[in-house]
Visitor: 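Structure below; questions to follow.
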2 protein chains.
Amino acid sequence: MAPRVSEDYKNRKRLELLRAAKQVFMEKGYTRTTMQDILDEAGVSRGALYAYFDNIEHVYRELLRHEDEKELHFFDPDDTRTAWRQLRNWIQKQQQEIEAIEHSLLLANSEFFLSTHAQPENESRRYLTARYQRITDAIVDFIEKGTARQEFQPRLPAESIALYLVSFIDGLMLDTFHLGMEKTNVHAQIDALLFSLKEMLCPADEAKSL
Amino acid sequence: MAPRVSEDYKNRKRLELLRAAKQVFMEKGYTRTTMQDILDEAGVSRGALYAYFDNIEHVYRELLRHEDEKELHFFDPDDTRTAWRQLRNWIQKQQQEIEAIEHSLLLANSEFFLSTHAQPENESRRYLTARYQRITDAIVDFIEKGTARQEFQPRLPAESIALYLVSFIDGLMLDTFHLGMEKTNVHAQIDALLFSLKEMLCPADEAKSL
DNA sequence: TTGAAAAACGACACTATTGTCGTTTATAAT
DNA sequence: ATTATAAACGACAATAGTGTCGTTTTTCAA
């Protein structure tokens with residue numbers, strides 16, 4: 001027999017639960033958030049929430065997936081701008097995210113990443129590994145395409161540059177989160193990053209000196 | 001009347017408790033470790049442990065303090081080596097720590113840092129802030145001394161370079177912890193870091209190209 | 001030795017959270 | 001309207017950890 005409510009209804013409900021979850025996770029991070037918090041925020045019962053998600057790890061995993069889908073296409077080819085400009089643009093977006101760090105999922109994300117480390121082989125771990133691979137691959141690809149078009153003349157392997165870039169951003173986010181933007185001086189650090197990348201990539205459309 | 005046991009006795013007991021705590025924190029991280037775990041590992045009773053520490057946050061804070069004391073003097077002046085060599089040395093030490101990451105306090109540290117973010121003004125937060133300041137100040141100082149001795153000719157402010165260096169190391173540690181050394185390719189990233197620092201600092205005793 | 005005081009013990013009351021499950025309510029096909 | 005079925009509810013048992021405190025043990029000065 002046909003289901004009693006439409007797929008669409010269930011989908012909307014699911015999204016509403018994820019919205020509530022996101023709200024709570026932004027405020028409290030991952031570790032301190034409970035299922036109770038989420039169901040309170042969503043205004044549903046325990047049973048309703050558990051009908052959609054097995055446990056809190058499951059909720060967070062699905063939220064992350066949902067958020068990632070929005071983000072995905074930043075390194076797609078874009079012929080209206082030079083590669084270097086596009087890269088600077090991405091970095092600027094990261095900077096903005098860092099500067100709005102208190103209203104982001106960064107705390108929750110970090111805690112979630114760390115929490116997965118306990119469990120050996122796990123849906124969440126697999127997803128996070130694939131996620132890292134996805135972003136670094138996209139950057140490598142981007143650098144290689146830029147190189148083929150002679151927009152970059154990299155002085156290090158593309159992979160090294162990509163991994164390096166990601167590590168730095170991750171570190172800056174984390175430190176800024178702990179210590180606040182004043183102490184970490186985000187602006188100065190972004191300058192240093194751009195300086196480094198320029199030396200590594202030798203973009204055609206920039207004078208060599210800062 | 002004189003205390004029933006010597007200061008020395010209490011001190012040794014305290015250190016033994018911290019040793020046990022370190023063991024557990026290395027295995028389980030901060031979040032999942034309980035007072036029970038620590039008192040089991042130390043082979044003492046609940047009451048004994050609580051006589052020395054108020055709660056788990058207190059235990060961790062004291063452990064961190066104790067560990068930091070060992071580390072403190074890496075950027076002290078050292079006339080037997082060039083400044084650039086000394087810096088490379090420090091980076092090499094960080095690399096070794098990253099490569100032994102499963103047997104370190106990194107997971108626990110990260111979780112502890114994140115956990116403090118909830119509490120507004122707090123002994124642990126103060127300590128962590130001072131700790132960051134201490135390391136970045138030491139590096140700034142080191143760069144400025146090297147510059148005064150004409151061993152460096154920095155092309156960016158010393159503070160930017162110092163903060164940048166710390167962010168990168170923090171990010172690399174974290175990512176490597178999540179994903180393992182193979183995925184993050186620590187060696188390649190350290191190369192990229194050295195490349196960047198060379199461009200930023202222009203050390204006198206190095207050929208300009210890698 | 002002895003005994004006062006500190007150290008160590010561990011049972012316990014309390015709190016927080018989880019996931020389940022029997023019950024009630026809402027939905028839509030007939 | 002009726003009714004089969006799924007969705008939503010929320011009380012509850014189970015689990016796990018915390019910090020306290022009355023009791024026991026150990027230590028060492030006298």
Side-chain angles (χ1 to χ4, degrees), chain A residues 1-21 24-25 27-63 108 111-112 115-116 118-119 122-124, chain B residues 1-21 24-25 27-63 108 111-112 115-116 118-119 122-124:
Chain A
M1 182 169 267
R4 289 289 121 178
V5 299
S6 65
E7 280 309 303
D8 187 59
Y9 174 96
K10 283 214 258 188
N11 237 325
R12 272 183 293 120
K13 185 109 199 175
R14 198 185 109 95
L15 286 181
E16 166 54 19
L17 292 177
L18 287 181
R19 186 211 59 75
V24 180
F25 283 129
E27 283 166 19
K28 303 189 60 172
Y30 179 69
T31 313
R32 291 162 50 243
T33 295
T34 68
M35 289 298 248
Q36 191 67 50
D37 294 327
I38 296 170
L39 64 90
D40 285 348
E41 170 73 29
V44 301
S45 71
R46 231 175 159 61
L49 182 54
Y50 274 94
Y52 286 83
F53 305 102
D54 298 338
N55 49 48
I56 246 212
E57 184 190 338
H58 188 197
V59 176
Y60 200 85
R61 190 165 61 235
E62 294 305 307
L63 175 59
E111 290 182 336
F112 180 66
S115 81
T116 63
Q119 309 128 345
N122 180 333
E123 180 63 24
S124 297
Chain B
M1 182 170 267
R4 291 285 122 178
V5 299
S6 64
E7 279 309 304
D8 187 60
Y9 174 96
K10 283 215 256 187
N11 237 324
R12 272 184 292 121
K13 185 108 198 177
R14 199 185 109 94
L15 286 181
E16 165 54 18
L17 292 177
L18 287 181
R19 186 212 58 76
V24 179
F25 282 129
E27 283 166 18
K28 303 188 64 174
Y30 179 70
T31 312
R32 289 162 52 244
T33 295
T34 68
M35 288 299 244
Q36 191 69 52
D37 294 328
I38 296 172
L39 65 91
D40 285 347
E41 170 73 30
V44 301
S45 72
R46 232 175 157 62
L49 181 56
Y50 274 93
Y52 285 82
F53 304 102
D54 297 338
N55 49 48
I56 241 203
E57 185 189 339
H58 188 197
V59 176
Y60 200 85
R61 189 165 63 236
E62 294 304 307
L63 175 59
E111 289 181 335
F112 180 67
S115 80
T116 65
Q119 308 128 345
N122 177 333
E123 179 63 24
S124 297

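Please read all numbers here as calculations on a predicted model, not as lab measurements.
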Visitor: Is the shortest heavy-atom distance from the side chain of B:E62 to the side chain of B:Y52 under 4.5 Å?
Guide: no
Visitor: Quickly work out the B:E16 CD to C:dA8 P distance and round it to whole Å.
Guide: 12 Å
Visitor: Can you give one letter per nucleotide of nucleotides 16-25 of chain C, 5' to 3': B if a protein heavy atom sits under 4.0 Å from the base, S if only from the sugar-phosphate, - if neither?
Guide: -SBBB-----
Visitor: Assess whether a salt bridge exists between B:E111 and B:R32, defined as any Lys/Arg side-chain N lying under 4.0 Å from an Asp/Glu carboxylate O.
Guide: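 No, B:E111 and B:R32 are not salt-bridged.
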Visitor: Can you tell me if B:S45 touches the phosphate of C:dA8, counting only side-chain N or O atoms and a distance under 4.0 Å to OP1 or OP2?
Guide: no
Visitor: Between atom CG in B:L49 and atom P in D:dT20, what is the gap in whole Å?
Guide: 13 Å
Visitor: Between B:K13 and C:dA7, is there a side-chain N or O to OP1/OP2 distance below 4.0 Å?
Guide: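 For B:K13, the contact criterion (side-chain N or O under 4.0 Å from OP1 or OP2 of C:dA7) is not met.
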Visitor: To the nearest 10 degrees, what angle separates the axes at the start and end of the helix from C:dT1-D:dA30 to C:dT30-D:dA1, five pairs each?
Guide: 0°
Visitor: Working to the nearest 0.5 Å, report the span between CD of B:E41 and CZ of B:F25.
Guide: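 Reported to 0.5 Å precision, the distance equals 11.5 Å.
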Visitor: One thing to verify: whether A:K13 and A:E16 come together as a salt bridge, which I'm taking to mean a side-chain N less than 4.0 angstrom from a carboxylate O.
Guide: no
Visitor: By the definition side-chain hydrogen bond (donor to acceptor under 3.5 Å, both in side chains), identify the one residue from A:T33, A:T34, A:D37 that meets it with A:K28.
Guide: A:D37
Visitor: Angle between ring planes, B:Y60 versus B:F112, binned at 30° and 60°: parallel, tilted or perpendicular?
Guide: tilted
Visitor: Does D:dA7 have OP1 or OP2 sitting under 4.0 Å from an N or O in the side chain of A:Y52?
Guide: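 Answer no for this pair, as no side-chain N or O of A:Y52 is under 4.0 Å from OP1 or OP2.
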Visitor: Would you indicate whether the side-chain heavy atoms of B:H58 and B:E123 approach each other to under 4.5 Å?
Guide: no
Visitor: Have a look at B:I38 and tell me which of B:I56, B:V44, B:L18 forms a side chain to side chain contact (heavy atoms under 4.5 Å, CB included) with it.
Guide: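 Per the side chain to side chain contact (heavy atoms under 4.5 Å, CB included) rule, the option paired with B:I38 is B:I56, out of B:I56, B:V44, B:L18.
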